[in-house]
J.: 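Can you keep this structure in mind? I'll have questions shortly.
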Amino acid sequence: MNIVDKVIKKTYRGIDNFDMIKKGDHVMIAVSWGKDSLAMLEIITHLQKYSSLDFTITAVYIIPEIPGITVLSEQIEEVFKKYGVNYIIQKMNIPADSKLKQGIEEARTCQWCAYSRRIALFKIAEEIKADKIIYAHHLDDMVHTFFQNIYIGNHLKLMLPVNKMRKWDFWIIRPFVYVREEEIILFCKRKDINPLKASCPLNDITNRKLMKTVVDNIEKTLPGFAEKVLYSYIEKFPDEINFVK
C-alpha cells in the first residue's frame, strides 16, 4: 500500500472507529501553515467528495498577531480557495494588557498563545453553529502531550481522539489518531503539499520539542513505543500496529 492510501485509510479508520463525523455535521477545520493541518484539509475534502457522508466544511485560520510571528492570511486564503471550501480568516483578539503584546520572548508565551487561539476558534465555532472542530494532532502529538503533562504539569492528562466540550455545544475530534508524523511528512511529499513558509521563533525550544526528542530516542531501542503508549489509554486501536515504512 502506498503512503497516500495508507494515511487516508488510517484517517478514515479513526473517523469510523470513534464515530467522529456523522451525516449532516458541520465540521470546522482549524488550519495553520503547517504540514499537519494542510494534510488534514486535503483528506477531509477528499472524504466529503467521495464518501457517502453528507457534511459541511468550514476552514478557519486564526491570525496570531504577536510580535515575532509571521502572518500568512493571503497565502492561507489561496489554499482555501484551491480546495473550494467555505473559510474564515480572523485576527486573534489579544487584550491590550496581555503578555502576548509584549513580544514573543515573554515567559509562558506558548501557553497564552495557544489559549488565545483556542478561545478564538471556539467562539467562531459557536457563531457558525459547528458540530465538530477538527484538530490535526497526530499520534505523535498525542503521545508527546501525554509525557509533557506528566513532566511539566505533574498530572496525567490525555489528549483524546474525541472530546465533548463541557461549556461549548460542539466536539473536538482528531482524525489523525492512528497516523504517525513521519507518515504525514511522506504524504505531503507525495501529494506535493508544501507547508507555508512561516515560523515561530520559539519552535525549537518548546517543551513539546523536548518530549519529541525523548520519545524518538526511546523508539530507537523500542520500535513502536509511541503506538503502545497510545494503545494503553484509548479503547479502539487496530489489532495490528502498522509501523512507518
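Counting from 1, the numbers follow the sequence of the chain as shown.
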J.: To the closest 0.5 Å, what do you measure between CD (Q90) and CG (L121)?
T.: 9.0 Å
J.: To the nearest 0.5 Å, tell me how far I15 CD1 sits from I43 CD1.
T.: 8.5 Å
J.: To the nearest 0.5 Å, what is the distance between CG (N194) and CD (Q75)?
T.: 13.0 Å
J.: Tell me every residue that passes ring-ring contact (aromatic ring centres under 6.0 Å, His included) with F146, counting only those two or more places apart in sequence or in another chain.
T.: Y233
J.: Could you tell me which non-hydrogen atom of I89 sits nearest to which non-hydrogen atom of S73, and how far apart they are?
T.: CD1-O, 3.6 Å
J.: Considering only heavy atoms from C-beta outward, does the side chain of D36 approach that of M40 to under 4.5 Å?
T.: no
J.: By side chain to side chain donor-acceptor pair (under 3.5 Å), which residues pair with Y12, not counting sequence neighbours?
T.: H46
J.: Does K220 NZ have over 12 foreign heavy atoms under 6.0 Å away?
T.: no
J.: Looking at I128, T58, V60, which one forms a side-chain contact (heavy atoms from CB on, under 4.5 Å) with N86?
T.: T58
J.: For the side chain of D25 and the backbone of K22, is there at least one donor-acceptor N/O pair under 3.5 Å apart?
T.: yes
J.: Do H138 and E183 pass the side chain to side chain contact (heavy atoms under 4.5 Å, CB included) test, and can you show the C-alpha distance, the side-chain angles, and the key distance before you say yes or no?
T.: CA-CA 10 Å; H138 45 68; E183 293 173 326; over 6 Å; no
J.: Are any non-hydrogen side-chain atoms of F147 and V229 less than 4.5 angstrom apart?
T.: yes
J.: Given side chain to side chain contact (heavy atoms under 4.5 Å, CB included), test F55 with L47 step by step and report yes or no.
T.: CA-CA 10 Å; F55 63 95; L47 175 66; 4.1 Å; yes
J.: Are the side chains of V31 and F80 in contact, using a 4.5 Å heavy-atom criterion?
T.: yes
J.: Name all residues meeting the ring-ring contact (aromatic ring centres under 6.0 Å, His included) criterion together with F122; count only those two or more places apart in sequence or in a different chain, and write none if there are none.
T.: W168, F170
J.: Report the distance from atom OG1 of T11 to atom CD1 of I184, rounding to the nearest 0.5 Å.
T.: 7.5 Å
J.: Transitively linked via ILVMFWY side-chain contacts under 4.5 Å: L41 with I185?
T.: no
J.: If you measure from CD1 on I57 to NZ on K49, what distance do you get to the nearest 0.5 Å?
T.: 12.0 Å
J.: List the atom of A226, the atom of V143, and the distance in Å for their closest heavy-atom pair.
T.: O-CG2, 3.4 Å
J.: What do the steps show when you test N17 against Y178 for side chain to side chain contact (heavy atoms under 4.5 Å, CB included), and what is the final call?
T.: CA-CA 11 Å; N17 280 0; Y178 299 140; 3.0 Å; yes
J.: Ignoring hydrogens, what is the shortest heavy-atom contact between D131 and G24? Give both atom names and the distance.
T.: OD2-O, 4.1 Å
J.: Is V162 close to V177 at the side-chain level, that is, under 4.5 Å between some pair of heavy atoms?
T.: no
J.: State yes or no: do F187 and Y83 share one hydrophobic cluster built from I, L, V, M, F, W and Y residues joined by side-chain heavy-atom distances below 4.5 Å, directly or via other members?
T.: yes
J.: Side chain of E181, backbone of D141: donor and acceptor closer than 3.5 Å?
T.: no
J.: Do Y135 and I172 touch side chain to side chain, with heavy atoms closer than 4.5 Å?
T.: yes
J.: How long is the gap from NE2 on H144 to OG1 on T213, to the nearest 0.5 Å?
T.: 8.5 Å
J.: Please say whether more than 12 non-hydrogen atoms of neighbouring residues, nucleotides or ligands are located less than 6.0 Å from CG in N163.
T.: yes
J.: With the 4.5 Å side-chain cut-off for hydrophobic clustering, are V179 and L186 part of the same group?
T.: yes
J.: Taking V4's backbone N and O only, do any of them form a donor-acceptor pair with K191's side chain (distance below 3.5 Å, no angle check)?
T.: no
J.: List the residues meeting ring-ring contact (aromatic ring centres under 6.0 Å, His included) with H26, not counting sequence neighbours, and say none if there are none.
T.: none
J.: Could you tell me whether the side chain of V27 reaches within less than 4.5 Å of the side chain of M20, counting heavy atoms only?
T.: no
J.: Side chains of F176 and L139: does their closest heavy-atom pair fall under 4.5 Å?
T.: no
J.: Under the side chain to side chain donor-acceptor pair (under 3.5 Å) rule, collect the residues that match up with S37, sequence neighbours excluded.
T.: S32
J.: Can you sort out the partners of E126 under side chain to side chain donor-acceptor pair (under 3.5 Å), two or more places apart, ordered by chain and number?
T.: none
J.: Taking all heavy atoms of P175 and all of I134, pick out the closest pair and write down the distance.
T.: CD-CG2, 3.7 Å
J.: Please report the shortest heavy-atom distance between L160 and M142, naming the atom on each side.
T.: C-CE, 3.8 Å
J.: Please check if the side chain of T45 supplies one atom and the backbone of E42 the other of a donor-acceptor pair under 3.5 Å.
T.: yes
J.: Any side-chain to backbone donor/acceptor pair from R180 onto D140? Under 3.5 Å, distance only.
T.: no
J.: Kindly indicate whether the side chain of K189, heavy atoms from C-beta on, has any atom under 4.5 Å from the side chain of K35.
T.: no
